[in-house]
Amino acid sequence: LIGASTRILHFSETSHERFVAIIQERVANRKQVSIDYQFLHQEGHRIWAHVTGDPVRFEHYILWTATDITDRKEFEASLTSERNYLQTLLDGIADPVMVIAPDYNITHMNAATKRNIMPEYIADLHHPKCYEVSHHRSTPCDGNEHPCPLAEVMQTLQKTTVLHTHPDANGDPKQVELIANPFFNEKSEFQGIIETARDVSSYLQTQDELERQKEVLDHQANHDALTGLPNRKLFNNRLIQAIDHARIVDGCVGVVFIDCDNFKNINDNLGHDVGDAVLKTVASRMQNNLRFTDTCSRLGGDEFTLILDNIKEKKDVIICLEHLVAEVKQPMEVLGHTLTITLSVGVATYPLHAKDPETLLKKADDAMYLSKKQGRNKVTFCCD
């Protein structure tokens with residue numbers, strides 16, 4: 001190399017000119033030189049060298065030192081390639097992913113997370129905090145509504161799942177399921193968490209809608225469509241429960257069968273719309289004159305049944321039903337008609353008249369027909 005131009009150290013004229021320009025700029029300004037640069041190996045391939053030069057210490061010459069750093073550069077390139085590959089994998093995940101250190105700093109994030117970044121909420125863009133990115137707040141998450149997954153994982157060193165409310169790009173709230181997994185170094189020392197966030201707002205809305213639909217279907221299956229009262233199915237279930245409870249506490253249950261007197265005449269003469277309105281009014285008046293623990297149901301047509309729970313004495317039943325009959329008998333204004341409805345009522349009690357639901361209801365029905373035979377508009381107890 002002695003006496004040769006430094007050109008022979010370079011693999012192209014352009015590379016040589018660029019290197020000379022860098023050196024001349026440093027030397028002209030009496031600056032030390034320290035750069036990494038590619039040179040041509042004598043065997044024809046390229047190598048990386050770390051070049052240092054000190055024009056300050058030598059007046060007419062520069063002492064250059066070149067250290068072969070090809071292996072280091074190749075290792076760095078390999079790391080960069082691996083990081084890029086991993087970043088590509090992360091960016092391919094549709095849900096936001098963050099790697100969070102114990103100090104809440106985000107060390108890695110994918111493209112989905114980056115789209116949520118709002119710079120105005122981040123104190124240091126080079127070291128964003130997880131709560132700044134996800135919640136647009138300046139303090140870590142806390143409390144029952146926003147439990148911090150990082151704090152929980154640091155305490156348990158176990159995977160955790162929490163539900164948070166995050167603002168979306170428009171500032172509207174969305175329900176987000178956070179899954180946080182701890183990760184450790186080769187010495188099994190805790191390093192932080194890998195957190196994935198999934199927007200479950202639509203899923204939860206669907207679940208809520210399905211639950212509402214289920215409630216509607218359950219209500220329709222157990223209630224009369226016209227009056228909203230329990231239907232025969234729900235009445236039977238409640239009667240079974242009432243009898244079972246009475247059997248345990250040695251109590252008494254009253255079963256009441258009610259028929260609206262001369263209701264057929266209303267349907268035939270005034271139409272079914274008037275008839276339906278009458279039934280709704282009757283149902284409302286009966287419901288309003290019962291205890292909270294009692295049940296009023298419509299079996300069909302103009303037939304209603306009651307469950308009077310926890311009866312003490314017969315006179316209490318008589319007082320309750322006579323008051324109910326009197327209230328229903330009050331004149332009602334229905335679609336331009338003033339009508340008066342009377343009731344024929346039959347009563348049977350557990351355990352005096354029967355001990356099973358079917359027999360109790362039949363005996364109450366029989367007592368109701370006895371009321372009709374005796375002139376209607378009255379309350380009749382089943383014969384002992």
Side-chain angles (χ1 to χ4, degrees), residues 223-224 226-232 234-263 278-332 339-384:
H223 292 80
D224 174 53
L226 177 64
T227 64
L229 294 177
N231 59 15
R232 184 185 295 271
L234 184 55
F235 170 83
N236 289 335
N237 289 339
R238 289 188 179 178
L239 181 55
I240 292 172
Q241 293 173 5
I243 291 175
D244 289 343
H245 177 71
R247 184 179 296 114
I248 294 172
V249 300
D250 195 23
C252 183
V253 177
V255 176
V256 183
F257 207 106
I258 300 173
D259 187 84
C260 297
D261 296 328
N262 301 313
F263 180 74
V278 168
L279 291 175
K280 292 170 68 174
T281 302
V282 170
S284 177
R285 290 182 178 182
M286 287 195 295
Q287 184 83 346
N288 291 336
N289 284 278
L290 293 175
R291 298 170 301 176
F292 178 77
T293 56
D294 297 330
T295 295
C296 176
S297 67
R298 180 186 177 216
L299 297 189
D302 61 332
E303 294 180 338
F304 296 85
T305 52
L306 309 179
I307 301 173
L308 304 179
D309 201 9
N310 195 25
I311 295 173
K312 300 300 181 183
E313 297 183 17
K314 180 178 179 179
K315 67 177 183 179
D316 295 332
V317 177
I318 295 175
I319 292 172
C320 170
L321 293 178
E322 287 182 344
H323 178 72
L324 183 147
V325 169
E327 287 296 314
V328 173
K329 191 178 179 181
Q330 295 296 318
M332 60 180 72
L339 302 173
T340 300
I341 301 297
T342 62
L343 304 177
S344 292
V345 182
V347 186
T349 60
Y350 167 90
L352 180 60
H353 301 120
K355 295 185 178 181
D356 63 275
E358 295 80 6
T359 306
L360 270 174
L361 188 60
K362 182 179 184 307
K363 289 195 172 185
D365 189 21
D366 292 340
M368 183 274 294
Y369 276 105
L370 187 58
S371 291
K372 284 190 174 293
K373 288 180 180 180
Q374 294 176 352
R376 297 184 173 88
N377 189 31
K378 63 180 302 183
V379 177
T380 302
F381 267 77
C382 173
C383 295
D384 296 342

**Q.** K314 and V347, any side-chain heavy atoms less than 4.5 Å apart
**A.** no
(Q) So, taking the atom named CG in L324 and the one named CD1 in I258, what distance separates them when rounded to the nearest 0.5 Å? (A) 5.5 Å
**Q.** Approximate separation, where rounding is to 0.5 Å, of L360 CG and I243 CD1
**A.** 5.0 Å
Q.
Quick one about S344 and D259 (side-chain donor to acceptor, distance below 3.5 Å, no hydrogens or angles considered), yes or no?
A. no
Q) Are the side chain of H245 and the backbone N or O of Q241 linked by a donor-acceptor pair below 3.5 Å? A) no
(Q) Keeping K363 on the side-chain end and H353 on the backbone end, is there a donor-acceptor pair under 3.5 Å? (A) yes
Q) Side chains of Y350 and L239: closer than 4.5 Å at any heavy-atom pair? A) no
Q.
My understanding is that only one of T295, I307, L308, V256 makes a side-chain contact (heavy atoms from CB on, under 4.5 Å) with L290; could you say which?
A. L308
**Q.** For V253 against I311, the heavy-atom pair lying closest together
**A.** C-CD1, 3.7 Å
Q) Can you tell if the side chain of L279 reaches within under 4.5 Å of the side chain of F263, non-hydrogen atoms only? A) yes
Q) Would you say the side chain of L352 lies within less than 4.5 Å of the side chain of C252, judging by non-hydrogen atoms? A) no
Q) How long is the gap from CG on L306 to CZ on F235, to the nearest 0.5 Å? A) 8.0 Å
Q. Which heavy atom of C382 sits nearest a heavy atom of A367, and at what distance?
A. N-CB, 3.9 Å
Q: Locate the shortest heavy-atom distance separating S371 from V379; write the atom from each residue and the value.
A: OG-C, 4.0 Å
Q: Would you give the length of the straight line joining atom CG of L321 to atom OG1 of T380, rounded to the nearest 0.5 angstrom?
A: 11.0 Å
Q.
If I compare all heavy atoms of G228 with all of H223, which pair ends up nearest, and what's the gap?
A. O-CD2, 3.3 Å
Q | Within-4.5 Å side-chain heavy-atom neighbours: R376 and N262 | A | yes
Q) Has D244 got more than 12 heavy atoms of other residues, nucleotides or ligands less than 6.0 Å from its CG? A) yes
Q: Please answer whether the main-chain N or O of G301 pairs with a side-chain N or O of R298 as donor and acceptor at a distance below 3.5 Å.
A: yes
Q) In Å and rounded to the nearest 0.5 Å, what is the NZ to CE distance from K373 to M368? A) 11.0 Å
**Q.** Contact summary for A283 and F304, nearest pair of heavy atoms
**A.** CB-CE2, 4.0 Å
Q: Report, as yes or no, whether the 6.0 Å neighbourhood of atom CZ on R232 holds more than 12 heavy atoms from other residues, nucleotides or ligands.
A: no
Q: Please say whether more than 12 non-hydrogen atoms of neighbouring residues, nucleotides or ligands are located less than 6.0 Å from NZ in K280.
A: no
**Q.** Separation between CE of M286 and CG of D294, rounded to the nearest 0.5 Å
**A.** 12.5 Å
Q. Considering all heavy atoms of both residues, which atom of S297 and which atom of N231 are nearest to each other, and what is their separation?
A. CB-O, 4.2 Å
Q. Counting only N and O atoms by type, is there a donor-acceptor contact under 3.5 Å from the side chain of D261 to the main-chain atoms of N377?
A. yes
Q | Flag, side chain of R238 to backbone of P230, donor-acceptor distance under 3.5 Å | A | no
Q: With side-chain contact (heavy atoms from CB on, under 4.5 Å) as the test, would you mind laying out the steps for T293 and N310 before giving the verdict?
A: CA-CA 9 Å; T293 56; N310 195 25; over 6 Å; no
